[in-house]
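Right, one structure below, let's go through it.
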Amino acid sequence: MPRFSEPRSEEALLARARTLAGRSIAEVAAALGLPVPADLRHHKGWVGHLVEKALGVTAGSAPVPDFASLGIELKTLPLDAEGVPTETTFVSSLDFGDPAALSWEGSSVRKKLARILWLPVQADPAVPLAERRFGNALLWSPTPEEEARLRADFEEIAGMIEAGFVERVTAHRGKVLQLRPKGANARQLRWMVDAEDGALARTAPRAFYLRRSFTAELVRRHWALGG
DNA sequence: CCGTGATCATTC
DNA sequence: GAATGATCACGG
């Protein structure tokens, strides 16, 4: 059954997450006394918030791990009928005000991806939201090979930003990790320091995302699903 | 206002 | 069909 308190160990967290396996969104929501929206069009992060409540996440929107004391990030992983992720995975926003944010070691990307609790959730559009079921959770850390691929993409993107070409970093760049706009709308802007002259300039807020091909590979390897 | 939770909608 | 760029809701 879902609980409200934060788990104190990896084992406790994983055990609790696995109680969600096979359960429907309607069941989990009912246990928490939450109504299920008809669809996600106006509730895009709803499933993620539902799972947070069920597993005892208290961190809110602070840029820290969901389970701060355990250093674990929680991510839902929406899968289609074949077990392939239907969406990219948000990793972290780019902090234009933090010089360390552009070094791999100091980056929020490395920290966020260091340990993730993946919770697969059915996302076949043919299945109504309330009837979709959760899968078996996986506590994951990147292998050295995966980290090398992530780091290579990150450093390519970070290098362009440091050189003053942030506007030329599109979502096409990066094999497993990409940088995309992330904001309420395209009109929202952030201040950044221009690499050339040090002047302040406005630019769109951006965030790092994992490509579907990367998480699809993860699913195939750990759940033996998909094609 | 901003960051986290993500998915949508248009274009390719 | 899949990917990119845009968008929606919420808490603090």
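Everything numeric in this text was worked out from a predicted model, so none of it was measured. Within every chain, numbering begins at 1; the chains are lettered A, B, ... in the order of the sequence lines, protein sequences first and strands thereafter.
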Under a 4.5 Å side-chain heavy-atom rule over Ile, Leu, Val, Met, Phe, Trp and Tyr, are A/Trp191 and A/Phe96 clustered together?
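A/Trp191 and A/Phe96: separate clusters.
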Using a 4.0 Å heavy-atom cut-off, does [X] contact any base of the nucleic acid, only the sugar-phosphate backbone, or nothing at all?
X	answer
A/Pro205	nothing
A/Ala184	base
A/Gly48	sugar-phosphate

Side-chain contact test, heavy atoms from C-beta onward, threshold under 4.5 Å: evaluate it for A/Val121 versus A/Leu77 and give yes or no.
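No, too far: nothing below the 4.5 Å cut-off.
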Is A/Trp118 close to A/Thr89 at the side-chain level, that is, under 4.5 Å between some pair of heavy atoms?
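Yes; the side chains approach each other to less than 4.5 Å.
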Quick one: [X] [atom1] to [N] [atom2], roughly how many Å, whole number?
X	N	atom1	atom2	value
A/Leu177	C/dT4	CG	P	12 Å
A/Phe90	C/dG5	CZ	P	17 Å
A/Phe96	B/dC2	CZ	C1'	14 Å
A/Leu40	C/dC10	CG	C1'	15 Å

Tell me whether the OP1 or OP2 atom of [N] has a side-chain N or O from [X] closer than 4.0 Å.
X	N	answer
A/Thr89	B/dA6	no
A/Gln188	B/dC2	no
A/Arg190	B/dC2	yes
A/Ser93	B/dT4	yes
A/His43	C/dA9	no

Sequence neighbours excluded, which residues qualify as side-chain hydrogen bond (donor to acceptor under 3.5 Å, both in side chains) partners of A/Glu10?
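For A/Glu10, the residues satisfying side-chain hydrogen bond (donor to acceptor under 3.5 Å, both in side chains) (neighbours in sequence not counted) are A/Arg115.
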Scan A/Leu13, A/Leu14, A/Ile116 and name whichever one has a side-chain contact (heavy atoms from CB on, under 4.5 Å) with A/Ile72.
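One option only clears the test, and that one is A/Leu13.
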Start with the C-alpha gap between A/Gln178 and A/His172, add the side-chain angles, then the distance that decides, and say whether side chain to side chain contact (heavy atoms under 4.5 Å, CB included) holds.
CA-CA 7 Å; A/Gln178 63 179 173; A/His172 293 90; over 6 Å; no
Students often mix this up, so state it plainly: with edges at 30° and 60°, are the rings of A/Phe90 and A/Tyr209 parallel, tilted or perpendicular?
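A/Phe90 and A/Tyr209: perpendicular rings.
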Under the side chain to side chain donor-acceptor pair (under 3.5 Å) definition, can you give me all pairs with a residue in residues 31-47 of chain A, not counting sequence neighbours?
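For residues 31-47 of chain A: none.
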Under a 4.0 Å heavy-atom cut-off, which of residues 159-173 of chain A touch DNA chain C?
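Only A/Thr170, A/Ala171, A/His172 qualify.
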Strand-adjacent residues in residues 206-213 of chain A, judged by heavy atoms under 4.0 Å from DNA chain C:
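Per residue number, the list reads A/Arg211, A/Arg212.
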No-hydrogen, no-angle side-chain donor-acceptor test under 3.5 Å, A/Glu147 and A/Trp104
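There is such a pair (donor and acceptor under 3.5 Å, judged by atom type) between the side chains of A/Glu147 and A/Trp104.
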Regarding A/Arg8 and A/Ser5, is there a side-chain donor-to-acceptor distance under 3.5 Å anywhere?
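Short answer, no.
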Give a yes or no on whether a donor-acceptor pair under 3.5 Å exists between the nucleobase atoms of B/dG5, that is its base, and the side chain of A/Lys182.
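Yes, the side chain and the base share a sub-3.5 Å donor-acceptor pair.
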Pairs under 3.5 angstrom, nitrogen or oxygen only, protein versus nucleotides 9-12 of chain B, please.
{"residue": "B/dA9", "atom": "OP1", "partner": "A/Arg41", "partner atom": "NE", "Å": "2.7"}
{"residue": "B/dA9", "atom": "OP1", "partner": "A/Arg41", "partner atom": "NH2", "Å": "2.9"}

Contact residues, residues 113-133 of chain A to DNA chain B [heavy atom, < 4.0 Å]
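Close to the strand, none.
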Enter the distance from A/Ser93:OG to A/Phe208:CZ here, rounded to the nearest 0.5 Å.
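CZ of A/Phe208 is found 10.0 Å from OG of A/Ser93.
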I'd like to know whether A/Arg151 forms a salt bridge (Lys or Arg N to Asp or Glu O under 4.0 Å) with A/Glu105, so could you lay out the CA-CA distance, the side-chain angles of the two residues, the decisive distance to 0.1 Å, and finally the verdict.
CA-CA 9 Å; A/Arg151 177 175 186 154; A/Glu105 290 301 329; 3.6 Å; yes
Between A/Glu217 and A/Arg149, is the closest basic N to carboxylate O distance under 4.0 Å?
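Here A/Arg149 pairs with A/Glu217 in a salt bridge, since their nearest N and O are under 4.0 Å apart.
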Has A/Arg202 got more than 12 heavy atoms of other residues, nucleotides or ligands less than 6.0 Å from its CZ?
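Above 12, so yes.
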